[in-house]
Amino acid sequence: MKSYLELKVPIRYEDSWFRELRDLLDGVNIRWQHGYYHITLAFLDFAPDNVNLVPGLTRILEDAMPTVITFDQLDAFASGASRQVIHLTTTDAPKDFLALVEDVRRYFTAEGCVIQSGFRLHVTLGRVQDSRMNVRKLKDIISQVDLPTFTMELAHLEYRVFRGKTLGLWQLQG
């Protein structure tokens, strides 16, 4: 079973900087994310069917504090053949959050899960599916957006089956 643990990020599709980004990329084939913004702590390419991961996640998350992240950068990276991901990120990832991510990923691996991708702190905004666009061109365009620096306290986590049901929900309180 494929599944993932995400930290919800309450940005809005209609935020002015997001509208500016979409306007600058008008005419480029992009599948924009509409809601459901999050940071994926771990994407499990395989999780054993006979293991309930929720109790272990609850133990890890019960003492975790809400994460405060200052978002200050729009960026892009290549993802597969002629595809790029436009994302929101930070230049200063909180150390406590990175430690939590490592704890979660270590737990999943110890329980027999397979995680093929490394962790990259990002919030996907859109997936470019346009052969005329490469990462360098995309970054040049993105750099024109007037992104205001903003700080958010993030505390809602959800463990989900990939394209399926929710298996667990948590509210970090510390």
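Keep in mind the model is a prediction, meaning the values are calculated, not measured. This chain uses plain numbering: 1 for the first residue, then up along the sequence.
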Decide side chain to side chain contact (heavy atoms under 4.5 Å, CB included) for Thr67 and Asp96; before the verdict, give the C-alpha distance in whole Å, the side-chain angles of both, and the deciding distance to 0.1 Å.
CA-CA 8 Å; Thr67 299; Asp96 290 347; over 6 Å; no

Does the side chain to side chain contact (heavy atoms under 4.5 Å, CB included) test come out yes or no for Trp170 and Val54, once each step is laid out?
CA-CA 10 Å; Trp170 297 268; Val54 172; 3.9 Å; yes

Between Phe108 and Val51, is the side chain to side chain contact (heavy atoms under 4.5 Å, CB included) condition met? List the steps.
CA-CA 10 Å; Phe108 282 141; Val51 177; over 6 Å; no

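The stretch residues 32-43 participates, sequence neighbours left out, in no salt bridge (Lys or Arg N to Asp or Glu O under 4.0 Å) pair at all. Annotation: ring-ring contact (aromatic ring centres under 6.0 Å, His included) contacts involving residues 45-66, sequence neighbours excluded, are absent. The salt bridge (Lys or Arg N to Asp or Glu O under 4.0 Å) analysis of residues 23-38, with sequence neighbours excluded, yields no pairs.
Applying side-chain contact (heavy atoms from CB on, under 4.5 Å) to Ile69 and the options Thr89, Asp92, Val9, Thr90 leaves one that passes, Thr90.
By the 4.5 Å heavy-atom criterion applied to side chains, Leu61 and Leu172 are counted as neighbours. When side chains are defined from C-beta on, Arg22 counts as touching Tyr13, because their heavy atoms get closer than 4.5 Å. Residues Phe97 and Leu121 are in side-chain contact: their nearest non-hydrogen atoms beyond the backbone lie under 4.5 Å apart. Here the side chains of Tyr159 and Leu41 are not in contact, with every heavy-atom distance at 4.5 Å or above. Side-chain contact between Leu5 and Leu53 is absent, with no heavy-atom pair separated by less than 4.5 Å. A heavy-atom distance below 4.5 Å is not found between the side chains of Thr70 and Pro94. Within the 4.5 Å cutoff, side-chain heavy atoms of Phe150 are placed close to those of Leu88. By the 4.5 Å heavy-atom criterion applied to side chains, Leu157 and Leu57 are not counted as neighbours.
A single hydrophobic cluster is seen to contain both Leu7 and Met152, as judged by linkage of ILVMFWY side chains at heavy-atom distances under 4.5 Å, directly or through other members. Both Ile86 and Phe71 belong to a single network of hydrophobic side chains, linked directly or stepwise wherever heavy atoms of I, L, V, M, F, W or Y lie under 4.5 Å apart. The same ILVMFWY cluster, assembled from side-chain heavy atoms under 4.5 Å apart, contains both Tyr37 and Ile30. Hydrophobic clustering of Ile, Leu, Val, Met, Phe, Trp and Tyr side chains at less than 4.5 Å, counting indirect connections, keeps Ile142 apart from Val135. No single ILVMFWY cluster, assembled from side-chain heavy atoms under 4.5 Å apart, contains both Leu98 and Val68.
Here the straight-line distance linking atom CG of Leu44 with atom CD of Gln116 works out to 11.0 Å at 0.5 Å rounding. To the nearest 0.5 angstrom, Gln33 atom CD is 5.5 Å from Arg127 atom CZ. Here the straight-line distance linking atom CZ of Phe162 with atom CZ of Phe43 works out to 5.0 Å at 0.5 Å rounding. Interatomic distance, Gln84 CD to Gln129 CD, rounded to the nearest 0.5 Å: 10.0 Å. For the atom pair CG of Asn50 and CD of Glu111, the computed distance is 10.0 Å after rounding to the nearest 0.5 Å. Between atom OG of residue Ser143 and atom CD of residue Gln73 there is a gap of 11.0 Å, rounded to the nearest 0.5 Å.
Side-chain atoms of Asp130 come within 3.5 Å of backbone N or O of Asn29 as a donor-acceptor pair. Between the side chain of Arg19 and the main chain of Glu14, a donor-acceptor pair closer than 3.5 Å is present.
Contact record, Tyr107 with Asn52: OH-O, 4.2 Å, taken as the closest heavy-atom pair. Of all non-hydrogen atoms in Pro10 and Leu154, the two that sit nearest each other are CD-CD2, 3.6 Å. Here the closest non-hydrogen pair linking Met133 and Leu138 is SD-N, 3.7 Å. For Lys139 against Ala76, the heavy-atom pair with the smallest separation is CE-O, 3.1 Å. Of all non-hydrogen atoms in Glu153 and Pro66, the two that sit nearest each other are CG-CB, 3.6 Å. Looking at every heavy atom in both residues, Trp17 comes nearest to Leu125 through CZ3-CD1, 3.8 Å.
Because its NZ or CZ atom is both nearer than 6.0 Å to the ring centre of Phe77 and within 45° of the ring axis, Arg120 counts as a cation-pi partner of that residue.
A salt bridge is absent between Asp140 and Lys137: the closest approach of a Lys/Arg side-chain nitrogen to an acidic carboxylate oxygen does not fall below 4.0 angstrom. Ion pairing between Arg160 and Glu158 holds under the 4.0 Å rule for side-chain N and carboxylate O.
Annotation: Asp103, atom CG; neighbour count of heavy atoms from other residues, nucleotides and ligands within 6.0 Å is above 12.
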